[in-house]
A.B. asks: 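Let me begin by handing over the structure; questions about it come next.
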Amino acid sequence: MHPFLPSLETFQWEGRGYYPWDTIPGLLRPVIPMEGARHRPLKSVKINCVVDKEAPILYIPNDVFQHLLGYSDVKFEFTLNASAYGSIGVDLWKASLEKYSEL
């Protein structure tokens, strides 16, 4: 049986609601651990969550965020969009970085 998405380079998701953050580390795991490859050739992960205007900011969970910090060669763009946050939305990567650096 061949693994799914063995040469995925860009993962992009946009949807209503919050993204299930615990699935992101699975995208970075080796396709076949004995191959010696550190991870898939993933270069970019873009996630855009669209929520109701009164929805709270749900940060990337700390354990997932800390795991992702180890992948300096992958570009992460995580955005939360709601009319309450303006036309640009909230940069969840930056917001999570600020939140966890205060701890």
Side-chain angles (χ1 to χ4, degrees):
M1 180 174 176
H2 295 292
F4 294 110
L5 307 173
S7 60
L8 180 69
E9 291 187 12
T10 300
F11 176 78
Q12 187 167 348
W13 182 89
E14 182 169 345
R16 295 204 51 81
Y18 299 103
Y19 185 82
W21 297 109
D22 57 337
T23 64
I24 297 286
L27 293 172
L28 302 169
R29 289 192 185 111
V31 177
I32 300 173
M34 291 192 277
E35 256 186 61
R38 200 172 130 237
H39 57 79
R40 300 173 198 270
L42 197 62
K43 296 178 179 157
S44 174
V45 178
K46 294 181 180 185
I47 294 177
N48 183 27
C49 304
V50 180
V51 296
D52 295 329
K53 65 180 180 177
E54 294 87 21
I57 296 174
L58 290 184
Y59 298 91
I60 303 162
N62 191 22
D63 60 328
V64 172
F65 188 73
Q66 295 303 319
H67 181 85
L68 298 181
L69 286 173
Y71 292 94
S72 60
D73 55 339
V74 179
K75 182 177 181 180
F76 296 105
E77 294 180 45
F78 303 146
T79 308
L80 179 65
N81 281 296
S83 60
Y85 305 131
S87 61
I88 298 174
V90 174
D91 179 337
L92 288 174
W93 182 265
K94 183 178 176 183
S96 295
L97 181 61
E98 290 171 359
K99 176 181 179 176
Y100 299 130
S101 66
E102 293 173 359
L103 299 178

A.B. asks: If you compare all heavy atoms of Val51 against all heavy atoms of Ala82, which two are closest, and at what distance to 0.1 Å?
C.D. replies: O-CB, 3.5 Å
A.B. asks: Rounded to the nearest 0.5 Å, how far does CD of Gln66 lie from CG of Leu69?
C.D. replies: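 Leu69 atom CG to Gln66 atom CD measures 5.0 Å (nearest 0.5 Å).
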A.B. asks: Is there side-chain contact between Arg16 and Asp52, with at least one heavy-atom pair below 4.5 Å?
C.D. replies: yes
A.B. asks: Roughly how far, to the nearest 0.5 Å, is CD of Glu14 from SG of Cys49?
C.D. replies: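 Going from SG on Cys49 over to CD on Glu14, the span is 9.5 Å.
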A.B. asks: Go through the structure and list residues passing ring pair (Phe, Tyr, Trp, His ring centres under 6.0 Å) with Tyr59, not counting sequence neighbours.
C.D. replies: none
A.B. asks: Please enumerate all residues that pass side chain to side chain contact (heavy atoms under 4.5 Å, CB included) together with Leu58, with sequence neighbours excluded.
C.D. replies: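 Applying side chain to side chain contact (heavy atoms under 4.5 Å, CB included) to Leu58 gives Tyr18.
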A.B. asks: Which residues satisfy the side chain to side chain contact (heavy atoms under 4.5 Å, CB included) test with Thr79, sequence neighbours excluded?
C.D. replies: Asn48, Asn81
A.B. asks: Counting C-beta onward and ignoring hydrogens, is there a side-chain heavy-atom pair between Ser44 and Val74 closer than 4.5 Å?
C.D. replies: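 They are not in contact (no side-chain heavy atoms under 4.5 Å apart), so the answer is no.
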A.B. asks: Not counting sequence neighbours, which residues clear salt bridge (Lys or Arg N to Asp or Glu O under 4.0 Å) with Glu77? List them please.
C.D. replies: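 Listed in chain order: Lys75.
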A.B. asks: Going by side chain to side chain donor-acceptor pair (under 3.5 Å), name the residues that satisfy it together with Lys46, two or more places apart in sequence or in a different chain.
C.D. replies: none
A.B. asks: Where the side chain of Ser96 meets the backbone of Trp93, is there a donor-acceptor pair that is under 3.5 Å apart?
C.D. replies: no
A.B. asks: To the nearest 0.5 Å, what is the distance between CG (Leu92) and NZ (Lys99)?
C.D. replies: 11.0 Å
A.B. asks: Under the side chain to side chain donor-acceptor pair (under 3.5 Å) test, which residues partner Tyr19, sequence neighbours left out?
C.D. replies: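 Residues passing side chain to side chain donor-acceptor pair (under 3.5 Å) with Tyr19: Thr23.
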A.B. asks: Mind checking ring pair (Phe, Tyr, Trp, His ring centres under 6.0 Å) for Phe11 and listing every partner two or more places apart, or none if nothing turns up?
C.D. replies: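 Testing Phe11 for ring pair (Phe, Tyr, Trp, His ring centres under 6.0 Å), a comparison that skips the adjacent residues, returns none.
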A.B. asks: CD1 of Ile60 to CD1 of Ile24: how many Å apart, nearest 0.5 Å?
C.D. replies: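 Ile60 atom CD1 to Ile24 atom CD1 measures 8.5 Å (nearest 0.5 Å).
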A.B. asks: Taking side chain to side chain donor-acceptor pair (under 3.5 Å) as the definition, give me every residue that meets it alongside Asp91, ordered by chain and number, with sequence neighbours left out.
C.D. replies: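 Listed in chain order: nothing, the list is empty.
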A.B. asks: Rounded at 0.5 Å granularity, tell me how far CG in Asp22 sits from CG in Asp63.
C.D. replies: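 The distance works out to 8.5 Å.
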A.B. asks: Do the non-hydrogen side-chain atoms of Val45 and Tyr71 ever get within less than 4.5 Å of each other?
C.D. replies: no
A.B. asks: Going from CZ on Phe65 to CZ on Phe76, what distance comes out if it is rounded to the nearest 0.5 angstrom?
C.D. replies: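 Going from CZ on Phe65 over to CZ on Phe76, the span is 9.5 Å.
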